[in-house]
Every structure is written in structure tokens, then in C-alpha cells.
A.B. asks: 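One structure follows; several queries about it will come next.
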Amino acid sequence: MKSHAKVVVIGGGVVGCSVLFHLARHGWTDVVLLERDELTSGSTWHAAGGMHTINGDPNVAKLQKYTISLYKEIEELSGQATGVHLTGGVLLAATEARLDWLRGVVAKGRYLGIDLEVISPKEAAELMPLLDPRQFVGAVRNKEDGHLDPSGVTHAYAKAARKLGAEVERFTKVEDIVRRADGMWRVITNKGEVVAEHVVNAGGLWAREVGRMVGLELPVLAMEHMYLITEDMPEVAAWNARTGTEIMHAVDFDGELYLRQERGGMLMGTYEKANKPWSEFQTPWNFGHELLAPDIDRIAPSLEVGFRHFPAFEKTGIKQIINGPFTFAPDGNPLVGPVRGLPGFWVACGVMAGFSQGGGVGLALSNWMIEGDPGADIWAMDVARYGDWATMAYTNAKVRENYSRRFSIRFPNEELPAGRPLKTTPVYDLLSAKGAQWGVAYGLEVPLWYAPAGVEDEFSWRRSSDFTHVANEVKTVRTGVGLSEISSFAKYRVTGEGAAAWLDRLLACKLPKPGRMTLAPMLKEDGRLIGDFTLANLGGDGWFLAGSGVAEQYHMRWFEKHLPDEGSVRIEALGQKLTGLSIAGPKARDVLAKATRWDVSNAAFPFMAIARMDMGMAPCLVGRVSYTGDLGYEMWVAPEYQRAAFQTLMAAGEEFGIGLFGSRALNALRLEKNYGSWAREYRPIYGPLEAGLDRFVAYGKEADFIGKAGALAERKQGGKLRLRAFIVDADDADVIGDEPIWFGGAVRGWVTSGGYAHHSKKSVAVGYVPKEIAEESDGFEIELLGKRHAARIQAAPLFDANFERMRG
Ligand SMILES: Cc1cc2nc3c(=O)[nH]c(=O)nc-3n(C[C@H](O)[C@H](O)[C@H](O)COP(=O)(O)OP(=O)(O)OC[C@H]3O[C@@H](n4cnc5c(N)ncnc54)[C@H](O)[C@@H]3O)c2cc1C
């Protein structure tokens, strides 16, 4: 074994081997994979080997498509058969709600280049002869669906990597990982030590244990998973003989089942409700090629549905039941990327669909390591989407929930209950008493809307029980004054003598003067977006940044990577050490003037000013800005004062009819101002010009800010896309995000977010289209629940286009 390597990859499952292959293919050949046993000694060997392109997140779906397209290449490169059978598949709906969901999947497929088609149950039965069409209301046909040989694929990656110069050391167990003073990693094994610049944790079932070697508690948990293999079935033999093809794959969502042909019989797997975690605290090191004891009682309810939906199973014997463990992150998507605070330590774990996702994970990670950027939008898989709130018990609750809901519909207005409430702010009970309906963002409970007694969300794809109540909240803001809790924003304090120069280099905007704020896009080296913030200059108190709450860890990783070594700049993520309240609406100033002794007149405290003032007795930092696009103020307050500040504002607002509003009303309000938000409109695949944030980029500023050259090039060339707001002729449903935008009879763009703008009484969609058609006003259509609705670009904001309310 070599003593030094550029990269050590820990784990020879499908994911580690894919990472190794991609590193070598991209030119890093001084790379070695360490595997404690034979390759495939984790969850890989007993996988059912199914693969498909469908994923709830379009960006992950793209990587799944890439993974499937890769198998031919690695087979040719390695000379190792992968056993790929592209059978095609049917996704089955037994209810109308499921069919609505599938229509959304088909729509997304249109701009992802995934060939999907809605078909009738009869057509589905013609393709997949074992199903009983009377049990279904519709189906979707997917051509890119099939299965493969898990061991063959893993060895093909490893052999191809070896051919390119990478090394694989089997029977080499990593026992410890130690960071040296010079930043290199000592990877200590039972056979000696390798010193490496980078370490990749692809430890699969042991990823948690490998993480612990460097003090990291990764939010992953293994679950037991069962599939059965039947005796040979005459129906299968007849179909094979008649058509010369294998039986097609099927996913039966309502039965929570997946099926495929296995030799002369069938394989049927299930994500059962009565699920069971495996090795909740510690994965035993001596676990290897053994299986877990099957427990047919646990999967019996799913099998019952399966026998009804696929009657031939009832007459067939079960040959074998496989029960094996594999890992999940709380939301079921992989954990990939560099780990904040551990330079050179990377993860590629929690991959629950290694044969659909392994290639994409390897590609993204190798790009990231070699080029400094994953080369795709992989937010849905980024390890930084979790913070320290994703504890072991939280992960346990969420993974179990996710497993049991793997084939369940999640409606756009549906909040999942497991692992909650975890983080709450001091006004939580006060807001609950007012009827707050809670959602969650980055582990924190956030008020979505306020329901009268006896009313709650009815889960639906369409406008639902909250509609009129959210409309009332919007009315309160636009005609009077509303108060909302805004603690879920990420807040950062930047101090030190080097702070101004550092921010000037990090952010693309002009730095504001003391007592002022500005909008601050942050760019990557390639000139695309990596953040958008409100930046405030607090004079002698340093700088204050507010940004996307869910991206706190993501942004801290970026900030820390760029901090100067000499310690002249300090940045702290304030999390819930600072909570927030906001008031907005034409009467917001009257309320503020009553709550504080400070002069808050427009002259003394204009738009984008920031100052310390007390709300009653509670000390706050108050900024004159509001995401509602109305006259408004954001107040930042230490948690011990939040209740006092809240009560003061509510009391001051009484005579002005103050009311509470939640994030659904906020969404309706920001939509009519064409305001975008991070992780929806603003993502690392868009340039500032494309995203309409170019007006906040100080292209001419002296500082050589990160991404300046890329941003200038984008401005010169004009980028490819444009973000636009559309008014949709919708009837009883509004867009959620990820719907296709049609123009001239073809899909030309996609929706990033939207909803109903209650004040303007318009259904609004926001999304990207090619710049060539971005100046057209008419001729667009947006596909919603399988139906195309006419849409028009709305260039000027629907509300306060001249900024009179906001600045007045
Ligand atoms: C019953 C079942 C059915 C499944 N069906 C499918 C399916 O149809 N399609 C699909 O895509 N996925 C399926 N999966 C999931 C799939 O198996 C996983 O997504 C995949 O195996 C994950 O691969 P991995 O490389 O991340 O982890 P693993 O396969 O667990 O590999 C990790 C490797 O790391 C090694 N290792 C760990 N720690 C160390 C150390 N300290 N030193 C050295 N080596 C170490 C281990 O020995 C192991 O070989 C199924 C899983 C099960 C259990």
C-alpha cells in the first residue's frame, strides 16, 4: 500500500468505487480506495439492483439520468459486465391524487429530457401483464427504468478506475483518521498508514462510524429492507416466450411496492409502514456478507395489496426473502460534499439508491474536489443542508418517517410531523395561542398561517382550507399593518479590522455606509450566484448579514473557506442567538413610532436605514426593509427579549388593527413585488444577470470581488436565461415550483416558485426562460396538474411598481 496519496476514498461499495472512477477519469490518478473486506461488503451486495430516473428533486433526477447513461461506458472501459437490463417501467396510480402527482412528474420530465407518458390502466396492463387494470386509475410509462447486477457495476467502476491509474486496497480497514498540523490527513489502517490531502467518507453502512473518527456525527441511519423472490411463474414464462422481452418494472405507489422480473419469477420489494431501523447507535464492524432475519409479518399488509393488484402472485410460492440494511439521511437524499470545518474531508454517504444515484454522486464530488465546484445544482444532496440540530434522535425519527412515506404523496401544503417541534423561539406558545400552523425550516418551527379554531390544512394539490385565511392576512398587511416572526433567517456578525476589505472581496455589491443596508449578491469564481444577503454596516459594531436560513451551514462553509489566515476577520452565525420580528404595511411606521422613543420619521429613518432602538424596554436592531415590498421594518432581538418586543409591538399596534401573518402570506406578498429567494430563484447555476440581481452587482467597484470576471463576461455575453414573473390563467390550483413553461408548442423553461398573490388577485409563477423569448409578453403556457394554462410575463411588479409605499 502506498504511504502517500492525493485522495483516500474509504469504502468499496458502489458509491466509493464511483467516486474513485470519477476522480481518475477527471485526471486525479494518485488516488487509492481502502476497503475493509471484499468490494461490495456493505449494503451494495444484496441490493435489488433497480434503477430509475425519477426523483422529487429535478436536479437529482438529472444526476440519476447521468448515472444510468454511464453504465455502458464503464462496461466498455472495464471489460466487466454490469448486467444492465433496460426493461422500461410503469408507475401505477390507484387514486386520483396519485395520478395528479404523476402528472407533475411527467411535466418535470419534459424539461429534464426524461421521456415519460401518462397511459391508461388498460395500456399499462398491456405493457406489464401481471397487473390487474381494475385496481388502478392511471399510470406513467418510463423508458429509462431497469435493473442491473450490483456487484458487476461496482467491480466495473473499480476496474475502470484501476485502468486509469487508481489503486484499490481490499482487506484494509481504516481505524482512525487524524488531521496533521500541516492540514494533511493521516489515514490509519490495520495495514499501516496513508497520508492524504483529501479523504472521502464513502463508508455506507459505516459512514457514521467513519465520521466519528474525525468528530463528526453524520445524520444517517440504516433501515432494514426486504424484498421477496418468487418461484418461477407460468405467466412470466408465457410473456417472455410471446414477446421475447422481460416483464417490465412496476412501481405500485399505493401498495408501496416495486416489482421486476428475477430469472423465471418476480422480485417484489416494499417500503413497509412498520419499518425497523438497524444498528441505531453503532454499526458492528464484523457485519459483512450476512443477511438479516426476514420478518414477513412486517410486510404482510403491503403484500396483501400486492396480491390484489398483481393476482398471479397469489398462486405462486415465495422462494426467498432478502432482508438487508441500507442507510438514509433524514430526507432520503444523499449527503455529499465538503464538510464545514474539516478542510479536505468529504462525504459521499446516505445514498439510498446507489444504482440510480452513485454515478451522479461520483461526478459531482469529483468535480467539486478537482474544480472547486460540483458543476451541477446539488443542493438537494449537499451535506451542508443539515446543521447540528440533525441529532441522532432527530435523524432516527425522520428516517423512519421518510422510509414509511417513501411511496406516499407529499402534498405541497403538507408538513411532516416527525422530529418536531425541535427548535422553537420564545414566542412559539404566544403564536400557537393565536392559531399558528407550523412548518419547519432548518429545524426551526416557523408560522405558516393562522387558523381560526377548528380549521386546519386540508392537504391538496389545489387551493385549500388556508386560502381565505391567508388572503385575510395579506389584506391586513396591505391595508393596515401585520406582524410576522422572522427568526428563521440566517444572521451573521462580521467583525475585525479586516472585515470591510474582506466583505468587499466576498460580496459583489458596493458596501453600504454606516447605518445603511444594501442587497448583497455573493458570487462563485465562475461568476454565478452562491448567495444573496442583506448587508448592514453597523459602524463601530461591525457588519450584519441576513440571508437564507436553510443555507446557514452552506454559507458558513463558504465564508470560512475564504477567511484570511491572519485572523483579521471574524464571522459568527448567530442562529437563534438572535431572533426576529417584522412589521409591515402602511401603518407600520405608526406602530413603530408608538413602540419606541426613537425618531422613525421617513427623514430620520429612511428606506434601508438600520439602527439600534428599544421596543418598549427590549433592545433591538431595527432595519427599514421588508420582504413584503411594503413599508416595513425588521427587528432583530436577543431571544430573552423577543417576548417583550412582541408584546410591545402588539400592544402598540392594537389601535391600528395589527394582525399576525405567516410565511404563506409573505410568499403571496413577495410574489407581487417580483422578489426572489435563495434556493428557489437564486441558485448556483444562475448568473446575476440571468437572475435579475445584476442591478445589485457593483461591476465597476475597485475591489476584485470573487466572480468579478465571470460576472463581467456574463454581462457582455448576456447569459442564457432570464428570470421572469408570469401571470397564470389558473383556476383552482397555483404553481408550486418545477412546472414546465411552454412557448411556441415546446417546453422552454421551468418554474422556480409561485402561488396566489391575494392582494393583486392573480396567480403568479416565477421561472427561467431562454433570454431569446424573455421579452415576449404573450404566448406562454404553464403546465399545472396535466393541463396547460395561458401565462403572460409581468415585467413590472404587480404592487407598488414605483416604490412609493416601500420608500415613502
Ligand atoms: C435489500 C436492499 C435492496 C436494495 N435495492 C436497491 C435497488 O434496487 N436499487 C438501488 O439503487 N439501491 C438499492 N439498495 C440500496 C443500495 O444497496 C445502496 O444505495 C448502496 O449499496 C449504497 O452503497 P455505498 O457504497 O454507499 O455503501 P455500502 O455498500 O455500505 O459500502 C460501504 C463500503 O465501505 C466499506 N467500509 C466502511 N467502513 C470502512 C472502513 N473503516 N475501512 C474500510 N472500508 C470501510 C464497507 O466494507 C463497504 O464495503 C438496496 C439495499 C438493500 C439493503
Side-chain angles (χ1 to χ4, degrees), residues 8-20 32-52 55 64 67-68 145-151 153-154 157-158 168-177 187-191 194 199-213 220 222-229 249 251 258-260 262 267 269-271 278 283-289 291-292 294 320-329 332 334-336 347-362:
V8 168
V9 178
I10 303 172
V14 63
V15 174
C17 290
S18 165
V19 171
L20 190 77
V32 55
L33 181 146
L34 306 180
E35 165 55 50
R36 66 185 183 108
D37 201 307
E38 288 284 5
L39 296 182
T40 76
S41 290
S43 49
T44 295
W45 74 272
H46 48 235
M51 55 175 189
H52 52 86
N55 188 287
Q64 293 189 183
T67 301
I68 292 173
D145 207 324
H147 59 95
L148 42 69
D149 166 16
S151 169
V153 162
T154 309
Y157 277 129
V168 174
E169 297 286 349
R170 293 170 308 140
F171 302 103
T172 307
K173 179 180 169 227
V174 174
E175 296 185 326
D176 205 359
I177 309 168
V187 182
I188 300 159
T189 79
N190 55 343
K191 291 189 177 166
V194 191
V199 174
V200 178
N201 175 1
L205 286 179
W206 294 267
R208 205 177 32 176
E209 284 66 26
V210 172
R212 285 175 189 156
M213 293 178 192
V220 283
M223 299 293 288
E224 293 194 9
H225 181 66
M226 278 181 269
Y227 62 82
L228 59 86
I229 296 171
H249 274 221
V251 176
Y258 59 87
L259 295 88
R260 71 165 171 84
E262 172 71 17
L267 178 156
T270 173
Y271 284 84
W278 179 75
T283 307
W285 286 107
N286 60 2
F287 185 80
H289 279 250
L291 288 169
L292 308 173
Q320 197 186 3
I321 298 180
I322 305 281
N323 185 10
F326 66 127
T327 53
F328 294 76
L335 297 174
V336 179
V347 294
C349 58
V351 185
M352 62 78 54
F355 300 95
S356 299
Q357 299 174 339
V361 167

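Note that ligands are numbered from 1 as they come in the structure, with each ligand's atoms numbered from 1 the same way.
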A.B. asks: Does any N or O atom in Val14 lie less than 3.5 angstrom from one in ligand 1, N or O only?
C.D. replies: yes
A.B. asks: Does Gly360 offer a backbone N or O that forms a donor-acceptor pair with the side chain of Gln64 under 3.5 Å?
C.D. replies: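 Pair absent, no side-chain N/O of Gln64 close to backbone of Gly360.
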A.B. asks: Say whether, by atom type as modelled, one donor and one acceptor occur between the side chain of Glu209 and the main chain of Thr283 under 3.5 angstrom.
C.D. replies: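 Checked: pair present.
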A.B. asks: Provide, to 0.1 Å, the distance between atom 8 (O) of ligand 1 and the closest protein heavy atom, together with that atom's residue and name.
C.D. replies: Gly50 N, 2.7 Å
A.B. asks: If you measure from CG on Leu33 to OG1 on Thr172, what distance do you get to the nearest 0.5 Å?
C.D. replies: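 Separation between the atoms: 9.5 Å.
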A.B. asks: Taking Asp37 for its side chain and Phe171 for its backbone only, find out whether a donor-acceptor pair lies under 3.5 Å.
C.D. replies: no
A.B. asks: To check your reading of the model: name the closest protein heavy atom to atom 11 (O) of ligand 1, its residue, and the distance in Å.
C.D. replies: Phe355 N, 2.9 Å
A.B. asks: By number and element, which atoms of ligand 1 are closer than 4.0 Å to a non-hydrogen atom of Gly42?
C.D. replies: 28 (P), 29 (O), 30 (O), 48 (C), 49 (O)
A.B. asks: Are any of the heavy atoms in His46 under 4.0 Å away from ligand 1?
C.D. replies: yes
A.B. asks: When you measure from atom 37 (C) of ligand 1 to every protein heavy atom, which one gives the shortest distance, and what is it?
C.D. replies: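 Atom 37 (C) of ligand 1 sits closest to the protein heavy atom Gly203 O, 3.4 Å.
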A.B. asks: Please work out, at 4.0 Å between heavy atoms, whether the side chain, the backbone, both, or neither of Ala202 comes within that distance of ligand 1.
C.D. replies: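 The answer is the backbone.
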A.B. asks: From the options Thr189, Asp37, Asn201, Val351, select the one whose nearest heavy atom is closest to atom 19 (O) of ligand 1.
C.D. replies: Val351
A.B. asks: With the side chain counted from C-beta on, respond yes when Leu39 and Trp45 share a heavy-atom pair under 4.5 Å apart, and no when they do not.
C.D. replies: no
A.B. asks: Considering only non-hydrogen protein atoms, determine which one is nearest to atom 52 (C) of ligand 1 and report residue, atom name and distance to 0.1 Å.
C.D. replies: Phe326 CD2, 3.6 Å
A.B. asks: Counting heavy atoms only, which of Met226, His225, Glu169 comes nearest to atom 2 (C) of ligand 1?
C.D. replies: His225
A.B. asks: For atom 26 (O) of ligand 1, which of Thr154, Val8, Val15, Val9 has the closest heavy atom?
C.D. replies: Val15
A.B. asks: Can you spot which of Arg260, Gln320, His249 makes a side-chain contact (heavy atoms from CB on, under 4.5 Å) with Leu267?
C.D. replies: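 Between Leu267 and the candidates, side-chain contact (heavy atoms from CB on, under 4.5 Å) is satisfied uniquely by Arg260.
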A.B. asks: Specify whether Trp285 and Trp206 have parallel, tilted or perpendicular ring planes, treating 30° as the upper limit for parallel and 60° as the lower limit for perpendicular.
C.D. replies: parallel
A.B. asks: Can you tell me how far apart CD1 (Ile68) and CZ (Phe355) are? Round to the nearest 0.5 Å.
C.D. replies: 12.5 Å
A.B. asks: May I ask which of Gly324, Ser41, Ala48 has a heavy atom nearer to atom 3 (C) of ligand 1 than the others do?
C.D. replies: Ala48
A.B. asks: Around atom 28 (P) of ligand 1, find the nearest protein heavy atom and jot down its residue, atom name and distance.
C.D. replies: Ser43 N, 3.5 Å
A.B. asks: Tell me which part of Tyr227 gets within contact of ligand 1: side chain, backbone, both or neither, using heavy atoms under 4.0 Å.
C.D. replies: side chain
A.B. asks: Taking 4.0 angstrom as the limit and counting only heavy atoms of Pro325, give me the atoms of ligand 1 inside it, by number and element.
C.D. replies: 53 (C)
A.B. asks: Does any N or O atom in Gly354 lie less than 3.5 angstrom from one in ligand 1, N or O only?
C.D. replies: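 Yes; the residue has a nitrogen or oxygen that sits under 3.5 Å from a nitrogen or oxygen of the ligand.
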A.B. asks: Heavy-atom contact check, 4.0 Å cutoff: does Trp285 meet ligand 1?
C.D. replies: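 Flag set, Trp285 near ligand 1.
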A.B. asks: Which heavy atom in Gly12 sits nearest to a heavy atom in Thr154, and how many Å separate them?
C.D. replies: O-CG2, 3.8 Å
A.B. asks: Does Thr44 use its side chain to pair, donor to acceptor, with the backbone of Val14 at less than 3.5 Å?
C.D. replies: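 Yes, Thr44 side chain to Val14 backbone: donor-acceptor pair under 3.5 Å.
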A.B. asks: What residue and heavy atom of the protein are closest to atom 14 (N) of ligand 1, and at what distance?
C.D. replies: Ala47 CB, 3.7 Å
A.B. asks: Kindly compute the distance separating CE (Met223) from OG1 (Thr327), expressed to the nearest 0.5 Å.
C.D. replies: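 If we round to the nearest 0.5 Å, Met223:CE and Thr327:OG1 are 11.5 Å apart.
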A.B. asks: Please could you name the atoms of ligand 1 that Ser356 approaches to less than 4.0 Å, counting only its heavy atoms?
C.D. replies: 11 (O)
A.B. asks: Could you tell me whether Pro150 approaches ligand 1 through its side chain, its backbone, both or neither, with non-hydrogen atoms closer than 4.0 Å?
C.D. replies: neither
A.B. asks: Report the member of Lys173, Glu38, Gln357, Glu35 with the shortest heavy-atom distance to atom 49 (O) of ligand 1.
C.D. replies: Glu35
A.B. asks: How far is atom 23 (O) of ligand 1 from its nearest protein heavy atom, and which residue and atom is that?
C.D. replies: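 The protein heavy atom lying closest is Thr44 OG1, 3.3 Å.
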A.B. asks: Can you tell me the protein heavy atom closest to atom 44 (N) of ligand 1 and the distance?
C.D. replies: Arg36 N, 3.0 Å
A.B. asks: If the contact criterion is a heavy-atom separation under 4.0 Å, does Thr172 count as touching ligand 1?
C.D. replies: yes
A.B. asks: Output yes when a side-chain donor or acceptor of Asn190 lies under 3.5 Å from a complementary backbone atom of Lys173, and no otherwise.
C.D. replies: yes
A.B. asks: With a cut-off of 4.0 Å, which atoms of ligand 1 are near a heavy atom of Leu205?
C.D. replies: 30 (O)
A.B. asks: Mind checking whether Ile177 and Val210 have side chains closer than 4.5 Å, heavy atoms only?
C.D. replies: yes
A.B. asks: Over 60° means perpendicular and under 30° means parallel, so classify the ring planes of Phe328 and Tyr271, tilted if in between.
C.D. replies: perpendicular
A.B. asks: Hey, is ligand 1 close enough to Ile322 that some N/O pair sits below 3.5 Å?
C.D. replies: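 No, since none of the N or O atoms of Ile322 sits under 3.5 Å from an N or O of ligand 1.
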A.B. asks: Determine whether any heavy atom of Cys349 lies closer than 4.0 Å to an atom of ligand 1.
C.D. replies: no
A.B. asks: Taking all non-hydrogen atoms of both residues into account, name the closest pair between Leu205 and Pro325 and its distance.
C.D. replies: CD2-O, 3.6 Å
A.B. asks: Side chain to side chain donor-acceptor pair (under 3.5 Å) for Ser41 and Arg36? Distances and angles first, verdict last.
C.D. replies: CA-CA 8 Å; Ser41 290; Arg36 66 185 183 108; 5.1 Å; no
A.B. asks: Check Leu34 against ligand 1 and report side chain, backbone, both or neither, counting heavy atoms closer than 4.0 Å.
C.D. replies: backbone
A.B. asks: Taking all atoms of both residues into account, what is the closest heavy-atom pair of Val194 and Leu34, and its distance?
C.D. replies: CG2-CD1, 4.5 Å
A.B. asks: Please report whether ligand 1 has a polar contact with Tyr258, defined as an N or O pair separated by less than 3.5 Å (distance criterion only).
C.D. replies: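 Tyr258 vs ligand 1: no N/O contact under 3.5 Å.
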A.B. asks: Using a 4.0 Å cutoff against the non-hydrogen atoms of Met352, which atoms of ligand 1 qualify?
C.D. replies: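 Those of ligand 1 that fall under 4.0 Å from Met352 are 12 (N), 15 (C), 19 (O).
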A.B. asks: Quick test of your reading of the model: are Arg170 and Glu38 salt-bridged, counting only N-O distances below 4.0 Å?
C.D. replies: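 Result for this pair is yes, salt bridge flagged.
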A.B. asks: Return yes or no for this condition: an N or O of Val174 is under 3.5 Å from an N or O of ligand 1.
C.D. replies: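 Min N/O separation from ligand 1 is below 3.5 Å for Val174.
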